[in-house]
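One structure is given here, and the rest of the page talks about it.
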Amino acid sequence: MDITNHGMVLGSVAERAGRAGVLLRGLFVFVGVVLCLSAFGLWLVPARLSGPDAITIRAALTCLFVGIGFLLFHMGRRDSLEELAIDFNAGRLLHMERGADGIARLRGSLDFADLESLDANGNRLIARAHGGEVLHVALAGNIPEAACDRIADCFGAARA
């Protein structure tokens, strides 16, 4: 069990991107590399297109292709890890994203006061509000027993 300044880390969210997600990320990387390389190919055309207007247009297209290509490449290579943590002191369930730099960034949070129940069992976490289910997530590993016990204590549920 990892202890952070937020309380307890429940675990990382199981990978939701199936085969289509992997193919889409690969396509982004491929198109990004092709755009970056084609930007420099603009300068390989014959020298008769070397007037001031043509050079300005080539320079603008080069910057545009490199910018869009780098953006697509970065989107395809982004390896972030989603995590769920509980801050028992503040009474909040935190949804974070930990980037390649190791820094956790908050994506969203749920207050315990807004929840009717929070069920932690095995690797499943289910949060229900008065309007219905607001969160149903499968984690990559099992939720630590200490966290399950504290959740049960907070919501008055009996642990089986």
Side-chain angles (χ1 to χ4, degrees), residues 1-115 118 120 122-129 131-144 147:
M1 172 178 61
D2 295 320
I3 305 288
T4 65
N5 59 353
H6 296 295
M8 290 186 186
V9 174
L10 298 180
S12 58
V13 177
E15 182 67 32
R16 284 184 252 181
R19 187 174 178 168
V22 171
L23 288 175
L24 185 63
R25 285 178 51 191
L27 181 67
F28 280 169
V29 169
F30 177 74
V31 171
V33 168
V34 168
L35 272 175
C36 285
L37 293 177
S38 67
F40 298 107
L42 292 173
W43 296 95
L44 298 177
V45 294
R48 60 184 159 88
L49 296 175
S50 61
D53 294 339
I55 290 177
T56 305
I57 291 172
R58 281 189 201 177
L61 285 175
T62 299
C63 292
L64 182 71
F65 283 5
V66 168
I68 292 173
F70 181 73
L71 177 69
L72 289 174
F73 180 79
H74 182 68
M75 285 173 52
R77 294 291 298 167
R78 183 174 18 185
D79 265 345
S80 60
L81 186 65
E82 293 182 59
E83 291 182 357
L84 290 174
I86 290 187
D87 185 352
F88 289 105
N89 297 331
R92 298 173 73 185
L93 175 67
L94 306 170
H95 180 212
M96 300 179 295
E97 182 175 355
R98 189 171 302 276
D101 56 2
I103 298 172
R105 292 168 179 86
L106 186 65
R107 292 186 66 191
S109 66
L110 294 170
D111 288 332
F112 287 172
D114 298 336
L115 298 178
L118 185 63
N123 71 337
R124 301 259 181 225
L125 184 72
I126 302 169
R128 291 183 183 87
E133 195 171 273
V134 292
L135 178 73
H136 186 126
V137 67
L139 301 176
N142 286 338
I143 298 170

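Quick note: residue numbers are just sequence positions, from 1.
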Could you tell me which non-hydrogen atom of F65 sits nearest to which non-hydrogen atom of L35, and how far apart they are? CB-O, 3.6 Å
If you measure from SG on C63 to CD1 on I68, what distance do you get to the nearest 0.5 Å? 11.5 Å
When you check the gap from the basic side-chain N to the acidic O, do D111 and R92 get nearer than 4.0 Å? yes
side-chain contact (heavy atoms from CB on, under 4.5 Å) for F30 and L72? Distances and angles first, verdict last. CA-CA 9 Å; F30 177 74; L72 289 174; over 6 Å; no
Closest non-hydrogen contact found for V66 with C36 is O-SG, 3.9 Å
Pairs involving residues 59-73, ordered by first then second residue, that meet side chain to side chain donor-acceptor pair (under 3.5 Å) (sequence neighbours left out): W43-T62
Nearest-0.5 Å distance that lies between atom CD1 in I57 and atom CG in D53: 6.5 Å
Carefully, step by step, assess V33 and L37 under the rule side-chain contact (heavy atoms from CB on, under 4.5 Å). CA-CA 6 Å; V33 168; L37 293 177; 3.9 Å; yes
